[in-house]
There are 2 protein chains.
Amino acid sequence: MSDARAAIDPRLAAAARPRRLARREYAFRQGESARAVFFVVEGEVQLCRVGRRGERIILHRARPGEWFAEAALWSGCYHCDAVAARAAQLLEIPAAKFRDALRRDAALAERWIELLSRQLQGARARAERAALSGAEERVRHYLATHGAGPGGAVELRGSLKDLAAELGLAHETLYRTLARMQKSGSVEREGKRLSPGRRVR
Amino acid sequence: MSDARAAIDPRLAAAARPRRLARREYAFRQGESARAVFFVVEGEVQLCRVGRRGERIILHRARPGEWFAEAALWSGCYHCDAVAARAAQLLEIPAAKFRDALRRDAALAERWIELLSRQLQGARARAERAALSGAEERVRHYLATHGAGPGGAVELRGSLKDLAAELGLAHETLYRTLARMQKSGSVEREGKRLSPGRRVR
DNA sequence: CGTCGCATTGATATCGCTCAAATCCGGTGG
DNA sequence: CCACCGGATTTGAGCGATATCAATGCGACG
């Protein structure tokens, strides 16, 4: 890619500064005043808090194509740490410039609202899914929310192992669950394509 | 309450129309063109899809103080059903007026962006929490994300049973977990006040 | 009082996690 | 071409945490 800034809206790209993080490097830390919003071009950034006893609690994993620290814009300071899980390439947009851009450009604000709305929709669905009790339920929920194309099929991007992590399951459990659902006809698999089956239950 | 509209921003309240739903009544159905955004004053509205075989999958439960169908503004038509889980009181804001208001009033747009940002933050935290393995972990995470005031205490709004639902646990499990954590000193309880304990583990 | 819902504790069953091992597959280097 | 390696995929076995079923106390409320 010639310029990573091409990945975002041109009206914001003007204010964006490319930034690279090595594994375990921090974009910011809890308590620092919120100076910027970030966009993940490549890699993964974990937003986490460190408890009194040193345990790390992950609030969110930001992956390529996602923004993070959007909310920090309005709260004054970062309320968690942002650390690269692996080498990452980011775009950093100063908070002041970001706010100015939104204020000046109504169309941009509208686009940003749209983006936030969709992200919220996705996050709510994920939260609802993670609260489900059974592995099979979660798979069905995933298919219902990510299904597209004929028969609501899903083209898997990564490995089944990745999907297991996304669903909050051990990968062995996912394999077994899928096998069972296949046998009962409630899902169908063709390579990296998953689709809800036609047979009842 | 004299007027439920007092609960939302006055600039939106002007366009809001109060609406009551009986249990099992629909606010809208999947496929209808998106004509309005909603705010829950009282009750609960479930956003769900119905699969080919009649199984209902809940995408999100909208509770008092929450908006829903914000994203529908940008997608043309509703992509799921909205049905009252119990009698509910809503505010309905026509999509066109909502969009106009955002477009005309930059300050309102900014406030709306702020609101969405916060909700997004909250939804992500909930998703991450539900993915945690143990009951104790979830309680700690909840305290970490909702903690405020001295010692990061949390004032519970509803019952412990509600909290259990929020955490995705059976209520019995929550009671037992809290009792254990209390005994080990990792949380303290005073009525409806929960706070992380000082003792290690 | 009677009823209802929350809080609490006990007993039991079940589901999913963990540990373990075999197979498969793509890539890499000789 | 072949040997080797690492990671994904599968399947098995056993254990433990959590859901579920059950029973009781308690306070609010009509």
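Since the structure is predicted, the reported quantities are computational estimates derived from the model, not experimental observations. Each chain gets a letter, A, B and so on, in the order its sequence line appears, and its residues count up from 1.
- Atom CD of A:Gln121 is separated from atom CG of B:Leu120 by 12.0 Å, given to the nearest 0.5 angstrom.
- In this structure, B:Gly168 reaches the sugar-phosphate backbone alone: every heavy-atom distance under 4.0 Å involves primed, P, OP1 or OP2 atoms, never a base.
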### Message
Quick one, A:Lys192 with A:Glu155, criterion salt bridge (charged side-chain N to carboxylate O under 4.0 Å, His left out). Give me CA distance, side-chain angles, the key distance, then yes/no.
### Response
CA-CA 6 Å; A:Lys192 288 221 168 297; A:Glu155 195 73 29; over 6 Å; no

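- Along DNA chain D, read 5' to 3', the first and last nucleotides having any atom under 4.0 Å from a heavy atom of chain B are D:dT18 to D:dA22.
- At a threshold of 4.0 angstrom between heavy atoms, the contacts of B:Ala170 include nucleobase atoms, whether or not backbone atoms are also involved.
- Atom CG of A:Leu132 and atom P of C:dG16 are 11 Å apart (whole Å).
- Using a 30° and 60° split on the angle between ring planes, B:Trp112 and B:Trp67 fall in the perpendicular class, above 60°.
- For the pair A:Lys192 NZ and C:dG26 C1', the interatomic distance rounds to 13 Å; values are reported in whole Å.
- Taking a 6.0 Å sphere around CZ of B:Arg35, one finds it holds more than 12 heavy atoms contributed by other residues, nucleotides or ligands.
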Provide a list of protein-nucleic acid N or O atom pairs under 3.5 angstrom, restricted to nucleotides 19-24 of chain C.
| from | atom 1 | to | atom 2 | distance (Å) |
| --- | --- | --- | --- | --- |
| C:dC19 | N4 | A:Glu172 | OE2 | 3.0 |

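- The distance between atom NZ of B:Lys183 and atom C1' of C:dT9, rounded to the nearest whole Å, is 12 Å.
- If you take CG of B:Leu169 and P of C:dA7, they are 14 Å apart, rounded to a whole angstrom.
- Here A:Thr173 lies in heavy-atom contact (under 4.0 Å) with a base.
- Evaluation of the side chain to side chain donor-acceptor pair (under 3.5 Å) rule for B:Asp162 yields B:Ser159 as partners, not counting sequence neighbours.
- For the helix from C:dC1-D:dG30 to C:dG30-D:dC1, the axis fitted to the five pairs at one end and the axis fitted to the five pairs at the other end meet at an angle of 40° (nearest 10 degrees).
- When rounded to the nearest whole Å, the span between CG of B:Leu156 and P of C:dC6 equals 14 Å.
- Under 4.0 angstrom from either OP1 or OP2 of C:dA7 there lies at least one side-chain N or O belonging to B:Tyr175.
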Can you give each donor-acceptor pair under 3.5 Å made by side-chain atoms of residues 167-175 of chain A, sequence neighbours left out, with the distance rounded to 0.1 Å?
none

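- OP1 and OP2 of C:dC15 both lie 4.0 Å or more from every side-chain N or O belonging to A:Arg180.
- A side chain to side chain donor-acceptor pair (under 3.5 Å) check over residues 7-21 of chain B, counting only residues at least two apart or in different chains, returns the pairs B:Asp9-B:Arg11, B:Asp9-B:Arg111, B:Arg17-B:Glu92, B:Arg19-B:Glu92.
- Contact annotation for B:Ser133: backbone-only contact, meaning every heavy-atom pair under 4.0 Å involves sugar-phosphate atoms and none involves a base.
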